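Have a look at the structure below, then the notes.
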Amino acid sequence: MAELTLKQVRKSFGALEVIKGIDLEVASGEFVVFVGPSGCGKSTLLRIIAGLEETTSGVLTIGGKDVTHAEPSERGIAMVFQSYALYPHMTVAENVGFGLSLARRPKAEITARVNAAAETLQLTHLLQRKPKALSGGQRQRVAIGRAIVRDPKVFLFDEPLSNLDASLRAQMRLEIADLHARLKSTMIYVTHDQVEAMTMADKIVVLNGGAVEQIGSPMELYRNPATPFVAGFIGSPKMNLYGGETARRFNCTTYGVRPEHIKLSQDAGQWQGTIRHVERLGADAILYLDVPDLGEMVVRAEGETPFAPGMTIWANPVDGAEHRF
């Protein structure tokens, strides 16, 4: 079993507290994503789990064993970093098996594990190449292979796709999801990209200022965000959020409605606005409206929408899709 538990974990650097009493349970075999803006503490929390940062207080267990003060090598974890950290003078096979070589494992065992990992990641035909002969996606697969051969209890990913272009990121998201389905291992993945979180996670942990804002499945967070921060972070484009007099009219502190939950009309509606800009993305179109006494409103419409900049139109929220905080 490879369940992981954090109990009131805190981390301070001098007087600055960056992790503020986090409680979290990760089930064995679960894919959990830490997501949040830069500086929210997600990478620090991952480094605490890895043993690369000491906790100021709190308890961390992996597989039921207290590893709060254990060395990284004693925790049964393997980490994949944002940078591939491959040795340029080594072949793919040597890079993948390097950790096992350091541990002085028998050569036959190293070869068997490297070949098994290469088959899993479709790297078999690349084993004798050097990193300079690989694409970015292939290099990242080698880094993942180096983690796989260690047969860890928990895989840790620290923004592993940040250095890839958009098409490669989409491909690697699918490959990592497939890998999780095959290995059924516990995986914790850090990203600032809510698309990665939504498309890969069993469970998302939204972090803000070193504290947990909300924990839930991707669709739970999308449908029922607990705070305006979560509402504005999960979903693309982000939810329209309004305070002040607008919110007071709806008997709340912050009123929200998602761009895809607004219908447009040329006849009548709740809000009248002028189209400032239209982004045509093919299947979808993103419209930016200037609404008097409200400000900017973003609306997702069908790609073939006839509306154009300069037009005056009405916007109506879909019944039951509004959020009041």
Side-chain angles (χ1 to χ4, degrees), residues 1-6 9 24-35 42-53 60-65 67 70-86 92 95-100 102-103 105 113-114 116-123 137-164 169 171-193 196-205 207 215 218:
M1 297 296 286
E3 70 277 3
L4 181 146
T5 302
L6 284 76
V9 169
L24 176 65
E25 293 186 1
V26 178
S28 182
E30 197 169 31
F31 195 123
V32 174
V33 175
F34 296 168
V35 68
K42 56 188 183 295
S43 289
T44 300
L45 188 59
L46 194 76
R47 289 174 63 83
I48 287 172
I49 294 170
L52 302 177
E53 294 282 359
L60 166 64
T61 65
I62 297 177
K65 178 183 178 183
V67 297
E71 292 296 319
S73 60
E74 300 170 349
R75 298 187 178 208
I77 58 94
M79 193 162 181
V80 179
F81 296 92
Q82 180 177 345
S83 60
Y84 315 124
L86 303 181
V92 167
N95 268 285
V96 171
F98 184 65
L100 299 178
L102 284 181
R105 307 304 301 171
R113 289 199 189 186
V114 168
E119 184 176 354
T120 297
L121 295 167
Q122 300 177 5
L123 291 171
Q138 290 168 339
R139 292 178 191 179
Q140 193 56 273
R141 290 210 300 272
V142 174
I144 294 171
R146 188 171 50 197
I148 288 176
V149 295
R150 297 183 57 189
D151 192 24
K153 295 178 181 177
V154 180
F155 285 87
L156 306 177
F157 295 86
D158 190 6
E159 303 204 45
L161 309 186
S162 296
N163 293 332
L164 305 180
R169 284 201 302 272
Q171 178 186 338
M172 285 302 299
R173 287 201 305 267
L174 180 60
E175 290 186 10
I176 292 173
D178 285 344
L179 178 66
H180 177 252
R182 289 197 299 272
L183 298 181
K184 303 187 186 306
S185 300
T186 305
M187 295 185 176
I188 300 178
Y189 186 105
V190 161
T191 182
H192 64 276
D193 186 340
E196 288 183 19
M198 291 291 288
T199 55
M200 299 171 67
D202 296 321
K203 181 164 68 183
I204 296 175
V205 180
L207 293 165
I215 300 173

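Every value quoted in this text rests on a predicted model; they were computed, and no experiment measured them.
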[atom1]/[X] to [atom2]/[Y] distance, rounded to the nearest 0.5 angstrom?
X: Ile77; Y: Ile188; atom1: CD1; atom2: CD1; answer: 10.0 Å
X: Leu86; Y: Arg146; atom1: CG; atom2: CZ; answer: 5.5 Å
X: Phe157; Y: Ile144; atom1: CZ; atom2: CD1; answer: 5.0 Å
X: Leu183; Y: Ile176; atom1: CG; atom2: CD1; answer: 11.5 Å
X: Ile62; Y: Leu6; atom1: CD1; atom2: CG; answer: 9.0 Å
X: Thr199; Y: Leu174; atom1: OG1; atom2: CG; answer: 9.5 Å

Per the side-chain contact (heavy atoms from CB on, under 4.5 Å) rule, which among Val32, Val80, Leu161, Ile204 passes with Tyr189?
Leu161
With a 3.5 Å distance limit and no angle check, can you tell me whether [X] reaches the backbone of [Y] through a side-chain donor-acceptor pair?
X: Thr191; Y: Glu196; answer: no
X: Arg182; Y: Thr120; answer: yes
X: Asp158; Y: Phe81; answer: no
X: Ser185; Y: Gly29; answer: no
X: Arg113; Y: Val149; answer: yes

Contact summary for [X] and [Y], nearest pair of heavy atoms:
X: Pro72; Y: Gly51; result: CG-O, 3.5 Å
X: Val26; Y: Thr186; result: CG1-CG2, 3.7 Å
X: Ile148; Y: Pro152; result: O-CD, 4.1 Å
X: His192; Y: Ser162; result: CE1-OG, 4.2 Å
X: Asp202; Y: Pro218; result: O-CD, 3.8 Å
X: Leu123; Y: Gln138; result: CD2-O, 4.2 Å

Under the criterion side chain to side chain contact (heavy atoms under 4.5 Å, CB included), I'd like the reasoning laid out for Asp193 against Val35: C-alpha separation, chi angles, the key distance, then a yes or no.
CA-CA 7 Å; Asp193 186 340; Val35 68; over 6 Å; no
Sequence neighbours left out, what pairs pass salt bridge (charged side-chain N to carboxylate O under 4.0 Å, His left out) with at least one residue falling in residues 70-86?
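Every pair satisfying salt bridge (charged side-chain N to carboxylate O under 4.0 Å, His left out) with a residue in residues 70-86: there are none.
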Among all residues two or more places apart in sequence or in another chain, which pass the side chain to side chain donor-acceptor pair (under 3.5 Å) test with Gln140?
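For Gln140, no residue satisfies side chain to side chain donor-acceptor pair (under 3.5 Å) once neighbours in sequence are set aside.
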Set of salt bridge (Lys or Arg N to Asp or Glu O under 4.0 Å) partners for Arg141, sequence neighbours left out:
Glu175
Check against side chain to side chain contact (heavy atoms under 4.5 Å, CB included), Lys42 and Val205
CA-CA 9 Å; Lys42 56 188 183 295; Val205 180; over 6 Å; no
A quick test of your reading: do over 12 heavy atoms of other residues, nucleotides or ligands sit less than 6.0 Å from CZ of Arg173?
yes
Over 12 non-hydrogen atoms of neighbours within 6.0 angstrom of CD in Gln171
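Result for CD/Gln171: enclosed.
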Within a strict 4.5 Å, meaning less than it, do heavy atoms of the Val67 and Ile49 side chains meet?
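They are not in side-chain contact.
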